[in-house]
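First the structure, in the form of structure tokens, and then the observations on it.
Counting starts at 1 for both ligands and their atoms, in listed order. Each residue takes its place number in the sequence, starting with 1.
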Amino acid sequence: MNAKQLLTVGSVAFDAIETPFGKSDKIIGGAGTYISWAASFFNRNQGLISVVGEDFPMDELELMQRNGVDITGIQIPKGGKTFFWSGRYHNDMNSRHTLLTELNVLGEFEPVVPEKFKLAPFLMLGNLSPEVQRSVVEQMATRPLLIAMDTMNFWMDIALDALHNTIEIVDVMILNEEEARQLTKEYSLWKAAKTIQSMGPKTVIIKKGEHGALLFHEHRIFSAPALPLEEVFDPTGAGDCFAGGFMGYISSSNEITYEVLKNAVIAGSAVASFCVEKFGTQRLREIAPQDIHQRMKEFYQLSQFEILDYGTN
Ligand code: AMP
């Protein structure tokens, strides 16, 4: 694999999750964790910038290293406690309710980009405060080839101006449909994407949960299907896996063309489809790059068809 360096900033966390199918204990989670895991199926030349407490298991960080994720940028403040998040899904699994957010070490987090990552050509800004996201971009020695960001409605509610200041410096904005509507006040996803493009990013990806994703690139649109799955056990991390798979795929490609972006959307969708099959990161620990490749083929077969002659000629 000849992948170029991919740098991610994102939370590394303990999560506790309740779904209609069961309840997890405190398990490993965090947007940065999911992004790095997902990207590692395509790229083992990664760096992760984050913060954990002294209570975070070292073997998890070592496992990340073995997955090709350099953890030099993960701070471990003395006596600190790891960020903790817990959430509950309802029957349709589309709506999630946050039960508890304990920021702990994430509350004081000031990311520091180590020298060896300052020239990274690919940068993924996981869902964190827009100031933290921007500070990572500002610490880079050269402007990365591609910067993507994720966000959530929480930042639109409490830090809208700062969010705009970050959106205007990125190339790819990844968000879900409710967030796109809230950010732009447009119901039509087409109009919402155009409005976000006018804020800065040339490429906008709107995720529609179990209904797939839309890629808006300059004036073109690509619709990625969602694979109907037999098992949907826990949607936590699906959005981050999408982003990680997307950036992992692009950073391992030779160039960034529209075709590569389309494939990257399918790569992200494929990783996300595995992620939801079990609690937390469990399913990601069981699969290999060939499983992702096989699933990308299933995505292809799902929506590929030929228009047959039907008596018009
Ligand atoms: P997703 O399901 O893709 O939205 O991401 C879920 C992950 O986001 C969980 O593993 C949480 O630990 C993490 N998370 C939840 N809230 C926050 C937050 N305010 N800041 C950073 N990470 C968060």
Side-chain angles (χ1 to χ4, degrees), residues 8-19 24-39 48-53 55-56 60 64 74 81-90 93-109 111 124-133 136 148-159 162-163 166 174-180 205-210 213 232-247 268-269 271-285:
T8 296
V9 57
S11 55
V12 172
F14 286 130
D15 289 348
I17 303 156
E18 290 177 29
T19 77
S24 77
D25 294 327
K26 229 176 180 187
I27 55 174
I28 303 298
T33 308
Y34 283 106
I35 292 168
S36 304
W37 264 98
L48 178 59
I49 312 252
S50 194
V51 61
V52 294
D55 53 350
F56 196 78
E60 277 299 323
M64 278 187 188
I74 302 187
K81 268 182 79 185
T82 301
F83 171 71
F84 174 70
W85 173 82
S86 85
R88 178 185 291 148
Y89 293 87
H90 304 284
M93 298 284 253
N94 281 325
S95 55
R96 177 168 80 188
H97 181 68
T98 292
L99 298 172
L100 193 64
T101 301
E102 284 175 11
L103 284 178
N104 300 329
V105 288
L106 200 62
E108 313 282 294
F109 179 42
M124 175 67 221
L125 307 174
N127 169 35
L128 282 172
S129 92
E131 287 97 345
V132 166
Q133 292 177 317
V136 171
M149 76 177 279
D150 184 17
T151 191
M152 69 190 290
N153 43 13
F154 178 70
W155 304 116
M156 296 171 199
D157 294 337
I158 68 157
L163 183 61
T166 303
I174 303 174
L175 70 185
N176 69 33
E177 55 189 320
E178 298 90 68
E179 292 158 356
I205 297 173
I206 302 184
K207 298 169 290 176
K208 299 187 296 163
E210 59 179 332
V232 178
F233 199 79
D234 170 21
T236 309
D240 304 313
C241 282
F242 177 92
F246 176 82
M247 286 300 271
S269 306
V271 185
S273 75
F274 277 111
C275 177
V276 303
E277 289 178 347
K278 290 195 175 166
F279 263 133
T281 53
Q282 199 181 330
R283 192 74 179 107
L284 302 178
R285 294 166 195 258

Next on the checklist: Regarding Arg96 and Glu178, does a basic nitrogen lie under 4.0 Å from an acidic carboxylate oxygen?
Outcome noted: no
Dump all N/O pairs between ligand 1 and the protein below 3.5 Å as a table: atom names plus distance, one pair per row.
{"unit_1": "ligand 1", "atom_1": "2 (O)", "unit_2": "Arg96", "atom_2": "NH1", "d": "2.8"}
{"unit_1": "ligand 1", "atom_1": "2 (O)", "unit_2": "Gly237", "atom_2": "N", "d": "2.7"}
{"unit_1": "ligand 1", "atom_1": "3 (O)", "unit_2": "Gly239", "atom_2": "N", "d": "3.4"}
{"unit_1": "ligand 1", "atom_1": "3 (O)", "unit_2": "Asp240", "atom_2": "N", "d": "3.3"}
{"unit_1": "ligand 1", "atom_1": "3 (O)", "unit_2": "Asp240", "atom_2": "OD2", "d": "2.8"}
{"unit_1": "ligand 1", "atom_1": "4 (O)", "unit_2": "Arg96", "atom_2": "NH2", "d": "3.1"}
{"unit_1": "ligand 1", "atom_1": "5 (O)", "unit_2": "Asp240", "atom_2": "OD2", "d": "2.7"}
{"unit_1": "ligand 1", "atom_1": "10 (O)", "unit_2": "Asp15", "atom_2": "OD1", "d": "3.4"}
{"unit_1": "ligand 1", "atom_1": "10 (O)", "unit_2": "Asp15", "atom_2": "OD2", "d": "2.4"}
{"unit_1": "ligand 1", "atom_1": "10 (O)", "unit_2": "Gly30", "atom_2": "N", "d": "2.7"}
{"unit_1": "ligand 1", "atom_1": "12 (O)", "unit_2": "Asp15", "atom_2": "OD1", "d": "2.7"}
{"unit_1": "ligand 1", "atom_1": "12 (O)", "unit_2": "Gly30", "atom_2": "N", "d": "3.4"}
{"unit_1": "ligand 1", "atom_1": "22 (N)", "unit_2": "Ser11", "atom_2": "OG", "d": "2.8"}

Next on the checklist: Is there a salt bridge (charged side-chain N to carboxylate O under 4.0 Å, His left out) between Glu177 and Lys208? Walk through the geometry before answering.
Outcome noted: CA-CA 6 Å; Glu177 55 189 320; Lys208 299 187 296 163; over 6 Å; no
Checklist entry - Do Lys26 and Phe14 come close enough that some side-chain heavy atom pair is under 4.5 Å? => result yes
Next on the checklist: Counting C-beta onward and ignoring hydrogens, is there a side-chain heavy-atom pair between Trp85 and Leu100 closer than 4.5 Å?
Outcome noted: no
Item to check | Min side-chain heavy-atom separation Trp155-Asn127 under 4.5 Å | outcome: yes
Checklist entry - How about Asp15 and Phe84: do any of their side-chain heavy atoms sit closer than 4.5 Å? => result no
